[in-house]
> 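A single structure is presented below for examination.
Values in this document were obtained by computation on a predicted structure and should not be read as measured data.
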Amino acid sequence: MTSRLTRRQRRRVSQGVQYALFVAVVVLIAVLADWDTLRNQFAQQRLAEQLFPEIITTALRNTVVYTLSGFAFGLVLGLVIALMRLSSVAPYRWAASVYIEIFRGLPALLIFIFVGVAVPLAFPGTEIPGGTYGKVALGLGLVAAAYMAETIRAGIQAVPKGQMEAARSLGFSHGRAMVSVIIPQAFRIVIPPLTNELVLLFKDSSLVLFLGVTLQERELTKFGRDLASQTANSTPILVAGLCYLLVTVPLSFVVRRLEARAARAK
C-alpha cells in the first residue's frame, strides 16, 4: 500500500520541480542563443569605451536632473491635489478627482506631446521657463502628481485621528495642525511608495526625446539611440541600459529597506 506524502514532502517535491524547470529553461536559452552575434551587436568593448565620459557627464547627468525636477514639481502639485481631494469644499474634491483620473489614465507620452505642442499653441508667445528642462519637469510632474496625490492622501488618512484632536486641543488651527503634525507624519508613512515613484520617473525621463532636444540636452535613451544609429551597433543602447540600472537598482534596494523598516515599526 503506497503511503501518502506529507505536506512538507509535497512542498519539497513542488519546489524541486520548479527548480528543475528553471534550470531547464536556462540551459535551453544558453544552448539555442547565438552568443557570437549578440556579442558583436551588443558588447563591442571599443565602442563602449568611446561613450565615456560623455554618457556620464551629459546623458546621465541630464537624466538625473530631469528626474529630480519632475519629482519636485510632482511632489508639490501632488500635495496640493491630495489636500483638495480631502477638502470639505465639494468643487475642490471634484477638480482633484478629475485631475487624478485624467492624468492617471493618459499615457505619459501623450502628456509630453501635450506639453511640447499643445501648450505653445494654446498660449501663443508664451514659453515654459527653463526651456527643455522646464518642459520635462512639467511633463513628468503632471504625470507623477496624479499618483503622488493618491499616495499622500492615503498617508494623511493613515495618521490616527487622535493626532488632529490632540493638536486642536493644544490650540492649533486646522491648517497649522495639518502642516505641523499631520503632513509630517503622513510623509514618513509614504516615503517608500514615493521613492518607488522616483524610480518610475527616472525611467519615464526617456520620453524627453519626443520634445526635440539638442546634443547637450540628451538623456540616456536619446544618447544611446543616436550613437547606435551612427555606429550601426547596439552597444550604446546596452551601455545606456546599464547606466539606468546603476541608479534604479540602488534606489530599489532603498525602497525595500524602507518598506521593511516601516513594517517593523508597525
> Go through the steps for Val115 and Val136 under the test side-chain contact (heavy atoms from CB on, under 4.5 Å), then give the verdict.
CA-CA 8 Å; Val115 170; Val136 175; over 6 Å; no

> Applying the side-chain contact (heavy atoms from CB on, under 4.5 Å) criterion to Ser205, which one of Asn62, Leu140, Leu68, Leu220 satisfies it?
Leu140

> How about Tyr133: does its OH atom have over 12 heavy atoms from other parts shown lying under 6.0 Å from it?
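Counting other residues, nucleotides and ligands, OH of Tyr133 exceeds 12 neighbours.
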
> Side chains of Phe187 and Leu75, heavy atoms from C-beta outward: is any pair under 4.5 Å?
yes

> Determine whether Leu227 and Gln230 satisfy the following criterion, side-chain contact (heavy atoms from CB on, under 4.5 Å), listing intermediate values before the conclusion.
CA-CA 5 Å; Leu227 270 294; Gln230 294 175 16; 4.0 Å; yes

> State, yes or no, whether a side-chain contact exists between Phe202 and Val64 at a heavy-atom distance under 4.5 Å.
yes

> Using only atom types and a distance under 3.5 Å, with no angle test, would you say the side chain of Trp35 pairs donor to acceptor with the backbone of Ala30?
yes

> State whether the side chain of Arg61 and the backbone N or O of Thr58 hold a donor-acceptor pair below 3.5 Å, judged by distance alone.
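Absent.
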
> Are a donor atom and an acceptor atom from the side chains of Gln18 and Ser14 found within less than 3.5 Å of each other?
yes

> I need the Phe112 CZ to Leu106 CG distance, nearest 0.5 Å.
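Between atom CZ of Phe112 and atom CG of Leu106 there are 13.5 Å.
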
> Please tell me whether Gln41 and Ser234 have a donor and an acceptor in their side chains that are separated by less than 3.5 angstrom.
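Per modelled atom types, Gln41 and Ser234 side chains form a pair under 3.5 Å.
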
> Measuring from atom CG of Leu246 to atom CG of Leu60, what distance do you get when rounded to the nearest 0.5 angstrom?
7.0 Å

> Please confirm whether the backbone N or O of Val199 pairs with a side-chain atom of Thr248, one donor and one acceptor, at under 3.5 Å?
no

> Going by atom types alone, do Thr221 and Tyr244 pair a side-chain donor with an acceptor below 3.5 Å?
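On atom types as modelled, these side chains qualify, holding a pair under 3.5 Å.
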
> Is a donor from one side chain sitting under 3.5 angstrom from an acceptor on the other, for Arg153 and Gln157?
yes

> Side chains of Thr132 and Glu217: donor-acceptor distance under 3.5 Å anywhere?
yes

> How long is the straight-line distance from CG of Asp204 back to OH of Tyr66, given to the nearest 0.5 Å?
15.0 Å

> Keeping Ser87 on the side-chain end and Met84 on the backbone end, is there a donor-acceptor pair under 3.5 Å?
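Not at all, since once roles are kept as given, no pair shorter than 3.5 Å links the two residues.
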
> For Gln15, does the CD atom have more than 12 heavy-atom neighbours from other residues, nucleotides or ligands under 6.0 Å away?
yes

> Side chains of Val89 and Arg93: closer than 4.5 Å at any heavy-atom pair?
no

> Nearest heavy-atom pair of Cys243 and Ile55: which atoms, and what distance?
SG-CD1, 4.0 Å

> Working to the nearest 0.5 Å, report the span between NZ of Lys135 and CG of Leu138.
10.5 Å

> Hey, does the Lys NZ or Arg CZ of Arg176 hover above the aromatic six-ring of Phe172, less than 6.0 Å from the centre and inside 45° of the axis?
yes

